[in-house]
Amino acid sequence: MKKVGVIGAGQLGQMLGKAGKALDLEFVFLDPSDNPPAASEGRVLKYAFDSQDGLQQLADLTDLITYEFENVPVTALNTISAETPIYPPAAALRHAQDRLAEKELFGTIDIPVPEYRSIDCVEDLQTAGAEIGLPIVLKTRRLGYDGKGQKFIRHSDEMVAAVADLGGTDLIAEQWVAFDREVSIIGTRSVSGDMRMYPLSENVHNEGILSISTAPADASGIADDAQRYLTDLLQKLEYVGTLALELFVVGDRLLANEFAPRVHNSGHWTIEGSAVSQFENHLRAILDLPLGDTSMRGYAGMLNLIGHMPDKGALDLGENCHWHDYGKSARPGRKLGHTTIVAESAENRDQVIRKLAKKLGL
Ligand code: AMP
């Protein structure tokens, strides 16, 4: 029985653990928090993510290591002995951890992005405002997620406070994109270089946090570009594992927002909505097993349960709805669970989503 080490024991680790049952895998997680969700799926080593002791123990106990979040300290990973491979590769982490490096990487493989400038002081932002035009989204280069570490700037008199609020330096200014829709494309590449992609997912965010995903998204006019961008990104990074690329849709043009070097919330629907989920394919990829079928089993939708777990009974879920409770304590803005619908038609799926969204106040 192969043993997989996972850095992070949140809900993504939990879903990896569940998917690993089909492959007869054993899991060990590394996470400093009390009672993390993935504790239901294996032993948890309670250490900080950059603890050399913790990481070395994880390596000693397992055959290979992966991670469920992108802010794993890259330098700490270098301390793990070479006998235990780590996937996805560190180059993917390095780029995903720095929005500026990420944008530059997209540029090297001709993936279009919103106009951007590197910002290290208020004057830089004033210049960017004059060149790109307002509104601008100012973001920290590192450690931002779910809309955190971001300021929306409509007027130039907001610039001084915005730069100060975000730490004054190591920022990036992006043109605000009046997108029609947001989509993501998720794919997996194995150690041998085999690749599979899922149909596009359309994503609705609320205050920067993913709220609803539906798949397959209407991909007319954009499918080829999305697939080309993802393929080139996976190859450029010599990537191993599952990766999600998030894109803005403007007419029939795509602009890349960011990528996540891991399994992704906008692909939770693949658990019930695809023949083989993004989680199982991630594990297959890192173990160099043949990748599984990514075709859909119907029309899928996913609603995140954020801030508090609703009363399941009151939602009157149909047979085609699947309930996921991560077992986390409630906190505003925290992802606590999700529900997935797999329907035989897009109309039926959208009707269920509308009903649930209304009951959940989304
Ligand atoms: P991020 O953390 O960069 O993925 O941003 C979270 C969400 O904020 C995105 O999914 C978008 O809804 C919105 N957002 C981020 N950057 C931009 C932008 N340049 N233009 C318009 N909306 C944006």
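Each ligand, and each atom within it, is numbered from 1 in the order the structure gives. Every value quoted in this text rests on a predicted model; they were computed, and no experiment measured them. Residues take their numbers from the sequence shown, with the count starting at 1. Just so it is clear, the values below take in all heavy atoms, side chains as well, and ignore hydrogens, waters and symmetry mates.
In terms of heavy atoms, D120 sits closest to T169 at OD1-OG1, 3.0 Å.
Within a 6.0 Å sphere centred on CZ of R228, other residues, nucleotides and ligands contribute more than 12 heavy atoms.
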**OP:** Under the side chain to side chain donor-acceptor pair (under 3.5 Å) rule, what do E347 and Y299 come out as? Steps first, then yes or no, please.
**Re:** CA-CA 9 Å; E347 293 71 34; Y299 293 82; over 6 Å; no
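Relative ring orientation between F248 and F179 is described as parallel, the plane-to-plane angle staying below 30° on a 0-90° scale split at 30° and 60°.
Atoms of ligand 1 lying under 4.0 Å from any heavy atom of H205, numbered from 1 in the order shown and given with element: 10 (O). Counting the atoms of ligand 1 from 1 in the order shown, those under 4.0 Å from a heavy atom of E182 are 9 (C), 10 (O), 11 (C), 12 (O). For ligand 1, the atoms lying closer than 4.0 Å to a non-hydrogen atom of K139 are 3 (O), 15 (C), 16 (N). Heavy-atom proximity to Q175, at under 4.0 Å, picks out these atoms of ligand 1: 18 (C), 19 (N), 20 (N).
Across V113, V177, L255, I172, heavy-atom proximity to atom 20 (N) of ligand 1 is greatest for V177. Across the listed options L210, L247, V137, V137 owns the non-hydrogen atom lying nearest to atom 18 (C) of ligand 1. Nearest to atom 23 (C) of ligand 1 by heavy atom, out of F248, F152, Y116, is F248.
The side-chain contact (heavy atoms from CB on, under 4.5 Å) test with T140 is passed by exactly one of D98, L166, I172: L166. Under the side-chain contact (heavy atoms from CB on, under 4.5 Å) test applied with D63, the options K2, E26, E83 reduce to a single match, K2.
Heavy atoms of N203 found under 4.0 angstrom from ligand 1: none, in either backbone or side chain.
No N or O atom of E246 sits closer than 3.5 Å to an N or O atom of ligand 1. Considering backbone and side-chain N/O of F179, none are found under 3.5 Å from N/O of ligand 1.
Put simply, the side chain of T84 reaches to within 4.5 Å of the side chain of T62, judged on heavy atoms.
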